[in-house]
*Asks:* 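I am attaching a structure below and will ask some questions about it afterwards.
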Amino acid sequence: MRTSRYLLATVKETPSDAAIVSHQLMLRAGMIRKLASGLYSWLPTGLRVLQKVERIIREEMDRCGAQEVLMPVVQPMELWEESGRGPDYGPELLRVRDRHDNPFCLGPTHEEVITDLVRNEIQSYKQLPMNFYQIQTKFRDEIRPRFGVMRSREFTMKDAYSFHLDQASLEQTYDAMYQCYCRIFDRLGLDYRAVDADPGAIGGSGSQEFHVLAESGEDAIAFSDSSDYAANVELAEVVVEGERPAPQQEMKLVDTPDARTIAELVEQFDQPIEKTVKTLVVKASEEAGGGLIALLVRGDQELNELKAEKLPRVASPLEMAGGDEIRAAIGAGAGSLGPVNLPVPCIVDRSVALMSDFSAGANIDGKHYFGINWERDTALPEVADLREAQAGDPSPDGQGRLEIRRGIEVGHIFQLGTKYSEALGATVLDENGRDVPMTMGCYGIGVTRVVAAAIEQNHDERGIIWPEAIAPFHVSLVPVNLKKSPRERELCEQLYEQLTEAGVDVLYDDREKERLGVKLADAELLGIPHRIVVAERGLDDGKVEYRARRDTENTMVEADCILEFIIERLGAAQPPRR
RNA sequence: CGGGGCGUGGCGCAGUCUGGUAGCGCACCACAAUGGGGUUGUGGGGGUCGGAGGUUCGAAUCCUCCCGUCCCGACCA
């Protein structure tokens, strides 16, 4: 492509309404333009990237035996009534009516449509399993579209739906899709983790999310530094190591009139924070007979509310007790609570169970006990996993330690079961001639979001740094002064032709009106991985300048060898197309 | 849907408090110079000041309503 004939559409200034880097850079690099809130047009540069992502997804889905289909964006509401999902979806579902006043909606997803298709086409268990996918526009009338293409109302999604006779078959395909997704994100060149989305249900593998690691991610992910264990921080199990040390100190009652918080206790009485215990009082569940229950975590650690409310004795949703309730039940204020002589039931975090010689409130206003030891001073109550995982915790799978980083959810694989097949009557005859609902799985990738996530993960102050596999162009070819140098022009034209012929995507900057600085800045903003600068002063020695996007220095390369040089660098991951 | 901000040439903004008929930078067009990191000069083109109504001799500016858009909270690829 020649820049003189191309809608480069780069802009120098950062648009004011773009809050995150990927959005800013996509606008600045001329990839997208906003039409209305949550609606974006893709310009040539953006579309090139999008199509490269789609191509990789297609290739890998096809490789797994999935079959591509294409379903309508507009769907009859009838189907949504049949599945019973219409009311659940609420205003996020954009409803429209046709000229006959029949109700339709813009598809936010396609479970209903594919299930309808399959119930009419598949009759026998002998046809199963089958896996269908499409790459299609979805519409969700988001409450708050934001971050450009990261959370837009209209977006491109690859969605796949598999159909099975039984759970065992579903699990096989589910595992295959897991592997498929790993290959896709590997090929995209992204740093990602597969995260257990709901470890409680269906044996821990019912649903997994794929997250691209990036600081701007909306979810905190805990993952092992030496295995593929990964979980949402809120769901990550905390395992503790070691034994409880033997008591060293006697328990003593101390006057602590001005210590109402852990911070004050630590500061005023020189207590190490990891030797303090926080006592949080919450409502107990109906099953536990109501009333209050205390939850104990270490002074330097945080209660994980999700874990707490899953405990049978704790009310769900979690509700903190008020000051008056605490005083009525315990006879002391919230700042002076602890496990010794506690008149309400109590559950302690695993870390707390391993503490010795610790300090906590005495359940008497203005007093704490120091040097408390379990069993000697008070019985050890129920122990549970109550706290939020921290970086450095041992990985729950026993391998390595946890690291915590933020992630952008770009994929989700899910074992659906028979929810839709039952609702819509999608059944097959099994080997006994009986009608059984098909067991289903579904597998999504947010294609447009992948593009934004790739930028979030790969950029610097100059612009985007594309992974080679999805770069809009592989190489930028930049002459220093085309107007004045016939030699530069001649070589550039020749290289452009040769590279293009070799299947390399080249952006040849043949603009005569722009100076070198402008052209280089554009190439860097666009994030083109390889750059060749053709200059008079190198040509005297028959050389051109090469620089990779992340390099800080030029490499001089013989003009005669640059073609091979580039092709070699394009790497095995992205072989030239012809 | 709550809370907050912002709407002025394509983009980024000033002008609004204190009414007098619109300005700056970038981009664009022409010419000239320059030519290895967003160069310079000269001359141009382009704006119903988000919309409607009102106050006033006069409204970008004051008042009312509406719309759009962005940010912060519960959903999601």
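The basis for the numbers below is simple: all heavy atoms, side chains too, and nothing from hydrogens, waters or symmetry mates. Numbered from 1 within each chain, the chains take letters A, B, ... in sequence-line order.
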*Asks:* Can you tell me the pairing partner of rG73(B) across any strand shown, Watson-Crick or G-U wobble, with both distances under 3.5 angstrom?
*Replies:* rC1(B)
*Asks:* What string of B, S and - do you get for nucleotides 35-42 of chain B, 5' to 3', if B is base contact, S is sugar-phosphate-only contact and - is no contact with any protein heavy atom under 4.0 Å?
*Replies:* BBBBB---
*Asks:* Only counting residues at least two apart or in another chain, list the ones meeting side chain to side chain contact (heavy atoms under 4.5 Å, CB included) with Pro72(A).
*Replies:*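 Pro72(A) satisfies side chain to side chain contact (heavy atoms under 4.5 Å, CB included) with Val113(A) once adjacent residues are dropped.
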*Asks:* Please state the P separation for the pair rA27(B) and rG73(B) - nearest whole angstrom.
*Replies:*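 These two P atoms come out 37 Å apart once rounded.
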*Asks:* Only pairs with both distances under 3.5 Å count, Watson-Crick or wobble alike; so what is the partner of rU64(B) in this structure?
*Replies:* rA52(B)
*Asks:* Which residue pairs pass the ring pair (Phe, Tyr, Trp, His ring centres under 6.0 Å) test with at least one member in residues 505-544 of chain A, sequence neighbours excluded?
*Replies:*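 Residue pairs with at least one partner in residues 505-544 of chain A: Tyr496(A)-Tyr508(A), His530(A)-Tyr546(A).
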*Asks:* Indicate the ring-plane relationship of Tyr192(A) and Phe185(A), choosing parallel, tilted or perpendicular according to the 30° and 60° boundaries.
*Replies:* tilted
*Asks:* State which residues pass salt bridge (charged side-chain N to carboxylate O under 4.0 Å, His left out) with Asp460(A); sequence neighbours excluded, sorted by chain then number.
*Replies:* Arg549(A)
*Asks:* To the nearest angstrom, how far is Glu13(A) atom CD from rA27(B) atom P?
*Replies:* 9 Å
*Asks:* Taking atom C1' in both rG45(B) and rG10(B), what distance in whole Å separates the two?
*Replies:* 13 Å
*Asks:* With Arg489(A), which residues qualify under salt bridge (charged side-chain N to carboxylate O under 4.0 Å, His left out), at least two apart?
*Replies:*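 Residues passing salt bridge (charged side-chain N to carboxylate O under 4.0 Å, His left out) with Arg489(A): Glu512(A).
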*Asks:* So, Tyr443(A) versus Phe132(A), ring centres under 6.0 angstrom or not?
*Replies:*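 That pair fails the under 6.0 Å test.
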*Asks:* Can you give one letter per nucleotide of nucleotides 67-77 of chain B, going 5' to 3': B for a protein heavy atom under 4.0 Å from the base, S for sugar-phosphate only, - for none?
*Replies:* --SSBBBBBBB
*Asks:* Using atom C1' in both nucleotides, what's the gap between rA30(B) and rG47(B) to the nearest angstrom?
*Replies:* 22 Å
*Asks:* Hunt down the Watson-Crick or G-U wobble partner of rU39(B), both distances under 3.5 Å, from any strand shown, or write none.
*Replies:*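 rA33(B) is the nucleotide pairing with rU39(B).
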*Asks:* Check salt bridge (charged side-chain N to carboxylate O under 4.0 Å, His left out) between Glu60(A) and all other residues, then give those that pass, not counting sequence neighbours.
*Replies:* Arg63(A), Arg183(A), Arg187(A)
*Asks:* Under a 3.5 Å cut-off for both contacts, is rG9(B) paired Watson-Crick or G-U wobble with anything, and if yes, with which nucleotide?
*Replies:*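 rG9(B) is paired with nothing.
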*Asks:* Taking only residues two or more places apart in sequence or in another chain, which ones pass side chain to side chain contact (heavy atoms under 4.5 Å, CB included) with Ser152(A)?
*Replies:* Tyr40(A), Phe155(A)
*Asks:* Checking Glu68(A) now: which residues fulfil salt bridge (charged side-chain N to carboxylate O under 4.0 Å, His left out) with it, not counting sequence neighbours?
*Replies:* Arg58(A)
*Asks:* So which nucleotide does rA14(B) pair with, by the Watson-Crick or G-U wobble rule with both distances under 3.5 Å?
*Replies:* none
*Asks:* Taking the same atom, C1', in rU56(B) and in rG68(B), what whole-Å distance lies between them?
*Replies:* 29 Å
*Asks:* Counting only Watson-Crick or G-U wobble pairs whose two distances fall under 3.5 Å, which nucleotide matches rC57(B)?
*Replies:*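 Base-paired to rG20(B).
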